[in-house]
**Q** 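Encoded as structure tokens, here's the structure I'll be asking about.
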Amino acid sequence: MSPAGGTQRPRLIVTDLDGTFLAPDRRVSDTNLAAARRAAELGIPFLVATGRPVRWLDVLDDLAEAHSQVIVSNGGAVFDLARRSVVQAFPVDPRVALAVTADLRAAVPGITFGFETPVGFGCEPDCPTRQRGEPGVVQGSVEDLLRGLGPVIKVLGFHPELGSDDLCDLAESVIASRLTLTYAMVSASYGMLELTAPGVTKASTLALLCAELGVDAADVVAFGDMPNDLAMLSWAGRGFVVANGHHSLLRGGFVVVPGNDEDGVGRTVLDLLG
């Protein structure tokens, strides 16, 4: 793990959204917005790396000036806010997705699946996810969805009785290295796992963007709260976890900052920028 201490001004800042940069009401607070804009004034890219899909990025409309590119779907794609288009995507092999979902269904009875694409979402009819009721969401069997949706950048597994921690513990040995497994605690009513192509994480896509910008990992400051942020926090020169974060990150050796209900990201960024 990279050291999280130090006071040197970063050359790039990256943050998760839900539970981290967004307040509990899922809005960008004045303090956090001021921090992003201060970074932009200093010429320091302020990136967002989220598990959210492209269609849930309206909350970032005021942040395009800070840096227009957003890492979405846990590294599965890069979306440009200014151009309103996906500029990079790292899809899952549909044959692998079909095999993995079949193996998970045999190992974890009751699991159901959804599939993110760069432009949409499809799921099985009995998925508990709230996305099921969104306009334009396609419902069908796993086979039909993988055949008809187009490139899939994230596979989601849902369970109505197992929490995300337990669900992912059961799934880990089944998936092995075929896909990248992670998760976040998104609902009290169901557990969820998140699968991307092998090696694809927030960190892997962040590393590509940093290489394009000529920024070394040591000069990156990252903020997160959930297991799907772990790779990014470990890759960055300095990793910060908000106080409301998952227990595995809070004891992971990262610097803990105030929670998302206290503008922990914005306050820390403003301190770092001086």
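Atoms considered below: every heavy atom in the structure, side chains included; atoms not considered: hydrogens, waters and symmetry mates.
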**Q** Is it possible for you to say whether Val100 and Phe90 belong to one hydrophobic cluster, with membership spreading through side-chain heavy-atom contacts below 4.5 Å?
**A**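 Different hydrophobic clusters.
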**Q** Does any non-hydrogen side-chain atom of Pro53 lie less than 4.5 Å from one of Val72?
**A**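 Val72 does not reach Pro53 side chain to side chain.
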**Q** Check each of Val96, Val155, Leu195, Thr112 against Thr101 using the side chain to side chain contact (heavy atoms under 4.5 Å, CB included) test, and report the only one that passes.
**A**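 Going through Val96, Val155, Leu195, Thr112 one by one, the side chain to side chain contact (heavy atoms under 4.5 Å, CB included) with Thr101 is satisfied by Val155 alone.
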**Q** Would you please test Asn260 and Thr20 for side chain to side chain donor-acceptor pair (under 3.5 Å) and show each step?
**A** CA-CA 5 Å; Asn260 69 325; Thr20 304; over 6 Å; no
**Q** Assess the residue pair Lys202 and Asp229 against the criterion (side chain to side chain contact (heavy atoms under 4.5 Å, CB included)); give the C-alpha distance rounded to whole Å, side-chain angles, the decisive distance to 0.1 Å, and a yes or no.
**A** CA-CA 7 Å; Lys202 292 183 181 182; Asp229 297 314; 2.5 Å; yes
**Q** Quick check: does any side chain N or O of Thr180 sit under 3.5 Å from a backbone N or O of Gly199, one acting as donor and the other as acceptor?
**A**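 Yes; judged by distance alone, with no hydrogens or angles, the pair exists.
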**Q** How long is the span from the CG atom in Leu209 to the CD atom in Gln69, to the nearest 0.5 Å?
**A**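 Interatomic distance, Leu209 CG to Gln69 CD, rounded to 0.5 Å: 5.5 Å.
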**Q** Please check this pair: side chain of Arg11 against backbone of Val221, looking for a donor-acceptor N/O pair closer than 3.5 Å.
**A**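 Not at all, since once roles are kept as given, no pair shorter than 3.5 Å links the two residues.
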**Q** For residues Phe240 and Leu233, report the shortest heavy-atom separation together with the two atoms involved.
**A**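 Nearest pair, atom of Phe240 first, then Leu233: O-CD2, 3.6 Å.
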**Q** Has Asn32 got a side-chain atom pairing as donor or acceptor with Gly266's backbone, closer than 3.5 angstrom?
**A**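 Confirmed, Asn32 side chain pairs with Gly266 backbone.
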**Q** Of all the heavy-atom pairs spanning Ala107 and Val174, show the shortest one and how long it is.
**A**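 In terms of heavy atoms, the two residues are closest at CB-CG2, 3.7 Å.
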**Q** Ignoring hydrogens and angles, tell me if any N or O in the side chain of Ser234 forms a donor-acceptor pair with the backbone of Ala231 under 3.5 Å.
**A**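 Looks like no, no N/O pair under 3.5 Å.
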**Q** In terms of heavy-atom contacts, does CG of Asp30 have more than 12 from other residues, nucleotides or ligands at under 6.0 Å?
**A**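 It does not: Asp30 CG has 12 such atoms or fewer within range.
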**Q** Taking atom OG1 of Thr50 and atom CG of Leu17, what is their separation to the nearest 0.5 Å?
**A**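 Answer rounded to 0.5 Å: 4.5 Å.
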**Q** Do Leu57 and Val28 share a hydrophobic cluster, counting only Ile, Leu, Val, Met, Phe, Trp and Tyr and linking them when any side-chain heavy atoms are less than 4.5 Å apart?
**A**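 Yes; Val28 is reachable from Leu57 via cluster members.
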**Q** Atom NE2 in His159, atom CG in Asp166: separation rounded to 0.5 Å?
**A**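 CG of Asp166 is found 10.5 Å from NE2 of His159.
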**Q** Taking Arg38 for its side chain and Val269 for its backbone only, find out whether a donor-acceptor pair lies under 3.5 Å.
**A**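 Side chain of Arg38 to backbone of Val269: no pair is present.
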**Q** Would one find more than 12 heavy atoms of other residues, nucleotides or ligands at under 6.0 Å from atom CD of Glu172?
**A**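 Counting other residues, nucleotides and ligands, CD of Glu172 stays at 12 neighbours or fewer.
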**Q** Check whether any side-chain heavy atom of Tyr190 lies under 4.5 Å from a side-chain heavy atom of Thr129, and answer yes or no.
**A**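 They are in side-chain contact.
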**Q** I'd like to know whether Asp18 forms a side chain to side chain contact (heavy atoms under 4.5 Å, CB included) with Arg52, so could you lay out the CA-CA distance, the side-chain angles of the two residues, the decisive distance to 0.1 Å, and finally the verdict.
**A** CA-CA 8 Å; Asp18 295 282; Arg52 286 190 179 207; 2.7 Å; yes
**Q** Are Val108 and Leu162 packed together at the side-chain level, in the sense that at least one heavy-atom pair is separated by less than 4.5 angstrom?
**A**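 Contact flag for Val108/Leu162 side chains = yes.
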**Q** In terms of hydrophobic clustering (I, L, V, M, F, W, Y; side-chain heavy atoms under 4.5 Å; direct or indirect links), are Phe158 and Val92 co-clustered?
**A**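 Cluster IDs for Phe158 and Val92 differ.
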**Q** State whether a side-chain donor-acceptor pair under 3.5 Å links Ser187 with Ser189.
**A**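 Yes, Ser189 and Ser187 have a side-chain donor paired with an acceptor closer than 3.5 Å.
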**Q** Could you go through Leu156 and Phe113, starting from their C-alpha distance and side-chain angles, then the distance that decides it, and tell me whether this counts as side chain to side chain contact (heavy atoms under 4.5 Å, CB included)?
**A** CA-CA 6 Å; Leu156 299 166; Phe113 299 99; over 6 Å; no
**Q** Transitively linked via ILVMFWY side-chain contacts under 4.5 Å: Ile153 with Val137?
**A**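 Different hydrophobic clusters.
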**Q** Are the charged groups of Asp93 and Arg178 less than 4.0 angstrom apart, N to O?
**A**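 Here Asp93 does not pair with Arg178 in a salt bridge, since their nearest N and O are not under 4.0 Å apart.
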**Q** Between Pro91 and Ala197, what is the shortest heavy-atom contact and its length?
**A**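 Taking every non-hydrogen atom into account, O-CB, 3.6 Å.
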**Q** Is Pro10 close to Val220 at the side-chain level, that is, under 4.5 Å between some pair of heavy atoms?
**A**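 The answer is no, as the side chains (C-beta and beyond) never meet within the 4.5 Å cut-off.
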**Q** Looking only at side chains, do Asn74 and Thr196 share a donor and an acceptor under 3.5 Å apart?
**A**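 Looking only at side-chain atoms, Thr196 and Asn74 do not form any donor-acceptor pair under 3.5 Å.
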**Q** Is any side-chain heavy atom of Ser248 closer than 4.5 Å to one of Leu250?
**A**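 In short, these two side chains do not touch, never coming nearer than 4.5 Å.
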**Q** What's the separation between atom CD in Glu116 and atom CD in Glu194, rounded to the nearest 0.5 Å?
**A**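 Glu116 CD to Glu194 CD: 9.5 Å, rounded to 0.5 Å.
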**Q** What's the separation between atom OG1 in Thr201 and atom CD1 in Ile71, rounded to the nearest 0.5 Å?
**A**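 That separation rounds to 9.0 Å.
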**Q** Under a 4.5 Å cut-off applied to non-hydrogen side-chain atoms, are Val142 and Leu98 in contact?
**A**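 The answer is yes, as the side chains (C-beta and beyond) meet within the 4.5 Å cut-off.
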**Q** Return the minimal non-hydrogen interatomic distance between Arg27 and Asp25, and the atom names on each side.
**A**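 Residues Arg27 and Asp25, closest heavy atoms: N-OD1, 3.1 Å.
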**Q** Has Arg9 got a side-chain atom pairing as donor or acceptor with Leu273's backbone, closer than 3.5 angstrom?
**A**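 At least one qualifying donor-acceptor pair exists.
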**Q** For the backbone of Gly191 and the side chain of Ser164, can you confirm whether one donor and one acceptor N or O come within less than 3.5 Å of each other?
**A**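 No, because the side chain of Ser164 does not come within donor-acceptor range (under 3.5 Å) of the backbone of Gly191.
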**Q** Name the orientation class of the two ring planes belonging to Phe46 and Phe21 (parallel below 30°, tilted from 30 to 60°, perpendicular beyond 60°).
**A**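 Rings of Phe46 and Phe21: tilted, as their planes differ by 30° to 60°.
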**Q** Output yes when a side-chain donor or acceptor of Arg267 lies under 3.5 Å from a complementary backbone atom of Glu262, and no otherwise.
**A**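 Here the side-chain-to-backbone pair exists.
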**Q** Is the backbone N or O of Gly51 less than 3.5 Å from a side-chain atom of Lys154, with the two atoms forming a donor-acceptor pair by type?
**A**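 Yes, because the side chain of Lys154 sits within donor-acceptor range (under 3.5 Å) of the backbone of Gly51.
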**Q** If you compare all heavy atoms of Leu181 against all heavy atoms of Ala171, which two are closest, and at what distance to 0.1 Å?
**A**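 Heavy atoms only, the tightest pair is CD2-C, 4.3 Å.
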**Q** In Å and rounded to the nearest 0.5 Å, what is the CD to CZ distance from Gln88 to Phe79?
**A**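 Spacing of CD (Gln88) from CZ (Phe79) equals 14.0 Å.
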**Q** In sequence, state the C-alpha distance, the side-chain angles, and the governing distance for Val78 and Val70, and then conclude on side chain to side chain contact (heavy atoms under 4.5 Å, CB included).
**A** CA-CA 6 Å; Val78 178; Val70 179; over 6 Å; no
**Q** Taking C-beta and beyond as the side chain, do Asp225 and Leu249 meet within less than 4.5 Å on heavy atoms?
**A**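 Side chain of Asp225 against side chain of Leu249, heavy atoms only: no contact under 4.5 Å found.
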**Q** Is there a side-chain contact between Leu12 and Leu47 (heavy atoms, below 4.5 Å)?
**A**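 A side-chain contact exists here, since the closest heavy-atom pair is under 4.5 Å.
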**Q** Does a side-chain N-to-carboxylate-O contact under 4.0 Å join Arg105 and Glu124?
**A**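 Yes, charged N to carboxylate O under 4.0 Å.
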**Q** Are Tyr183 and Met192 grouped together when hydrophobic residues (ILVMFWY) are joined by side-chain heavy atoms under 4.5 angstrom apart?
**A**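 Cluster IDs for Tyr183 and Met192 differ.
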**Q** Compare every heavy atom of Leu193 with every heavy atom of Cys168, then report the nearest pair and how far apart it is.
**A**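 Taking Cys168 first and Leu193 second, the nearest heavy atoms are SG-CB, 3.6 Å.
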**Q** Checking Ser68 against Asp80: is there a side-chain donor and acceptor pair closer than 3.5 Å?
**A**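 There is such a pair (donor and acceptor under 3.5 Å, judged by atom type) between the side chains of Asp80 and Ser68.
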**Q** Hey, is the main chain of Gly75 close enough, under 3.5 Å, to the side chain of Ser73 for a donor-acceptor pair?
**A**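 Absent.
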**Q** Does a side chain donor of either Ser29 or Asp263 reach within less than 3.5 Å of an acceptor in the other side chain?
**A**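 Looking only at side-chain atoms, Asp263 and Ser29 do form a donor-acceptor pair, the distance falling under 3.5 Å.
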